[in-house]
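In what follows, a single structure is set out as structure tokens and then discussed.
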Amino acid sequence: MEYAAMFLERVDTCSASYLLADMSNAVAQWEEMEKFAFSKAVIWREYSYHQYVRLNDHYRQAKTQYNLAKLWLKLGQYHKTLECVMSASRYFEKEDMLEDLMECYKLLAVIYSTCKDYERSDEYFQRYIQAASAVNDSAKMFVGLNNKAAFASMVGDTVMTVKLLYESIRMAHNTQNSDSWLCELYLNLAGAYLNPKTYDSCGVYLAKAEPLLSNLEQRGHYHVIKADLCIALNDVPNAVDNLNKAVYWYGQGEFDDRIIDIYEKLQNLYIFQRDTAKAYLTVFAKEKLEKKNPKEEVLIELFKAQNEIQLNAVKDEVTRHKNRLTILLITTVSAALILILIILFLLVKRTYDIKRREVEMDNKAKIAELKKIQQYKEDRIMKETADKLSLLESQVKDSDVKDKINVIRNELKGAKDDNEWKEFARYIPEFNGPFYKNLTKAFPNLSINESRMCVLLNRNLSTKQISAITGQKPESINIARTRLRKKLGIAGNPISIQEFLRRYDM
């Protein structure tokens with residue numbers, strides 16, 4: 001890994017390659033997990049991030065930002081942690097990547113607990129556990145319960161802390177390759193048992209954790225809890241010895257915050273032992289680390305970052321609201337214009353239809369008038385001929401001749417009826433056309449005469465005109481219209497029969 005780091009330091013900074021990014025990630029992982037050199041790990045994670053930016057790989061950018069957030073958290077740079085994890089979580093949320101998003105929830109919960117925003121911290125711990133359950137990941141489930149236990153311990157709920165840790169340990173036993181996590185859980189449970197002064201239980205779980213210690217962080221944590229147990233039992237020399245061992249292990253990595261806490265405990269113990277020289281040395285060492293990592297400034301930066309993120313979220317929401325209003329306004333105006341165009345089109349079409357119907361009505365009126373005249377002439381000729389035949393019949397005594405005269409007179413009457421229907425068919429060209437077919441399909445119970453009446457009404461013919469065409473009295477036509485309205489189901493409806501029938505034109 002040292003050779004890989006040397007190689008990367010000599011590579012052209014403008015180069016962009018997945019191989020370079022992968023190598024940088026491997027070096028960062030080694031610095032973080034093997035050497036616990038978090039500052040160096042940050043350098044290599046940032047190197048990978050810039051590689052992914054040049055490669056335009058948004059997913060790996062977000063993933064690297066999450067890894068950077070974890071490192072900044074270990075370095076106590078909470079404001080940088082918050083900025084990185086919020087950026088990563090926005091991408092994972094947009095892309096609906098639940099497994100990646102849940103890891104961000106865990107970091108956010110820790111950050112908000114640092115801000116003492118316990119309500120929001122608890123919310124993110126709950127989201128992490130729910131997400132782990134949704135993806136059915138038992139390993140993440142017990143990690144989530146462990147984090148929830150840490151939160152419960154922070155707010156002073158020892159009973160809940162112990163309960164959650166027991167459940168985490170039970171799940172970890174059923175998960176493969178979980179020795180490292182079991183060690184962490186045993187140490188956390190041992191620490192939890194110090195609060196209710198159940199020192200025997202604390203010692204039991206320290207003994208369970210000891211053979212599983214695998215890295216310097218766990219060894220430092222182990223000696224801190226053992227020192228706290230010794231303090232509780234008034235065994236000051238052993239407490240001092242274990243705290244110095246913790247400083248040794250933590251000192252091999254970047255655990256300045258934890259070492260500062262240990263120095264504070266050592267200072268009090270040295271004062272108790274009246275060892276002033278060592279107490280002063282501890283104070284100087286503690287002040288040196290505090291100057292290197294001023295907590296107050298970090299917390300101020302954290303609150304600034306938090307407020308800036310909230311302010312940006314509000315601004316984004318206002319912008320989205322404005323955009324929604326703009327889209328709504330554009331949509332409304334567009335819909336109004338379309339509606340106006342439709343209305344204008346319908347008005348123009350209606351005007352055209354009215355003019356067309358006026359022309360048709362004018363032609364119909366002329367045709368009807370001509371038909372009436374012709375019908376009148378034909379009726380008069382046929383009547384005169386019939387009268388003459390009747391007179392001739394009265395003058396003839398031969399029965400055979402009379403019969404022949406009757407046959408001629410009847411044929412003449414039949415010819416009159418045929419001629420009427422021929423004229424009717426000529427006058428109504430759409431008979432058996434689309435309108436007639438649509439009408440009889442919708443109302444199959446209409447008689448032939450009723451169907452023919454509908455055809456005439458659809459041509460907007462008056463009662464007088466229909467009477468002239470069919471040879472029926474106007475009163476009969478009106479009665480037929482009333483019956484027809486009932487059959488069509490529009491009795492009592494203000495709609496005209498002509499307007500109703502117009503629906504079946506197409």
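When a residue number appears, it is its place in the shown sequence, counting from 1. Here the structure is a predicted model, which means the values were calculated and not measured.
With respect to the salt-bridge test (charged N to carboxylate O, under 4.0 angstrom), the residues Lys74 and Glu254 do not qualify. Using a cut-off of 4.0 Å between Lys/Arg side-chain N and Asp/Glu carboxylate O, Arg502 and Glu499 are scored as not salt-bridged. For Asp261 and Lys265, the salt-bridge test fails: no basic side-chain N is under 4.0 Å from an acidic carboxylate O. With respect to Lys70 and Glu103, no salt bridge is recorded, no charged nitrogen being found less than 4.0 Å from a carboxylate O. Using a 4.0 Å cut-off between a side-chain N of Lys or Arg and a carboxylate O of Asp or Glu, Arg127 and Glu123 qualify as a salt bridge. We find that Glu217 and Arg258 are joined by a salt bridge, their nearest charged nitrogen and carboxylate oxygen being less than 4.0 Å apart.
Counting heavy atoms from C-beta on, the side chains of Tyr52 and Tyr18 come closer than 4.5 Å. Counting only heavy atoms from C-beta outward, the side chains of Tyr250 and Asp256 never approach each other to under 4.5 Å. Within the 4.5 Å cutoff, the side chain of Leu501 has heavy atoms near those of the Leu488 side chain.
For the 3.5 Å distance criterion, the side chains of Tyr91 and Glu95 fail to qualify, holding no donor opposite an acceptor. Between the side chains of Thr64 and Gln51, no donor-acceptor pair of N or O atoms lies under 3.5 Å. Side chain to side chain, Arg45 and Gln29 meet the donor-acceptor criterion of an N or O pair below 3.5 Å. Using modelled atom types, one finds a donor on one side chain and an acceptor on the other under 3.5 Å when comparing Ser87 with Gln65. Side-chain contact, Asp100 with Tyr59: a donor N or O sits under 3.5 Å from an acceptor N or O. Side-chain atoms of Asn67 and Tyr49 form no donor-acceptor pair, as typed in the model, at a separation below 3.5 Å.
No more than 12 heavy atoms of other residues, nucleotides or ligands sit less than 6.0 Å from atom CZ of Arg350. In this structure, Lys286 places its NZ atom where more than 12 heavy-atom neighbours from other residues, nucleotides or ligands lie under 6.0 Å away. More than 12 heavy atoms of other shown residues, nucleotides or ligands fall within 6.0 angstrom of atom CD in Glu9.
For the pair Ser178 (side chain) and Asn174 (backbone), a donor-acceptor distance under 3.5 Å is absent. In this structure, Asn438 contributes its side chain and Tyr504 its backbone to a donor-acceptor pair below 3.5 Å. A distance-only check finds a donor-acceptor pair linking the side chain of Arg485 to the backbone of Asn493 [under 3.5 Å].
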- Query: Going through the checks in order, is the side chain to side chain contact (heavy atoms under 4.5 Å, CB included) test met by Val224 and Asn242?
  - Reply: CA-CA 7 Å; Val224 168; Asn242 276 287; over 6 Å; no

- Item | Residue pair Arg170, Glu167: steps toward the salt bridge (charged side-chain N to carboxylate O under 4.0 Å, His left out) verdict | CA-CA 5 Å; Arg170 184 190 66 78; Glu167 180 61 20; 2.5 Å; yes

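Classified by interplanar angle (parallel below 30°, tilted 30° to 60°, perpendicular above 60°), the ring pair Tyr205/Tyr193 is parallel.
For Phe255 and Phe38, the ring centers sit closer than 6.0 Å to each other.
Applying side chain to side chain contact (heavy atoms under 4.5 Å, CB included) to Leu68 and the options Val85, Val42, Thr81 leaves one that passes, Val42.
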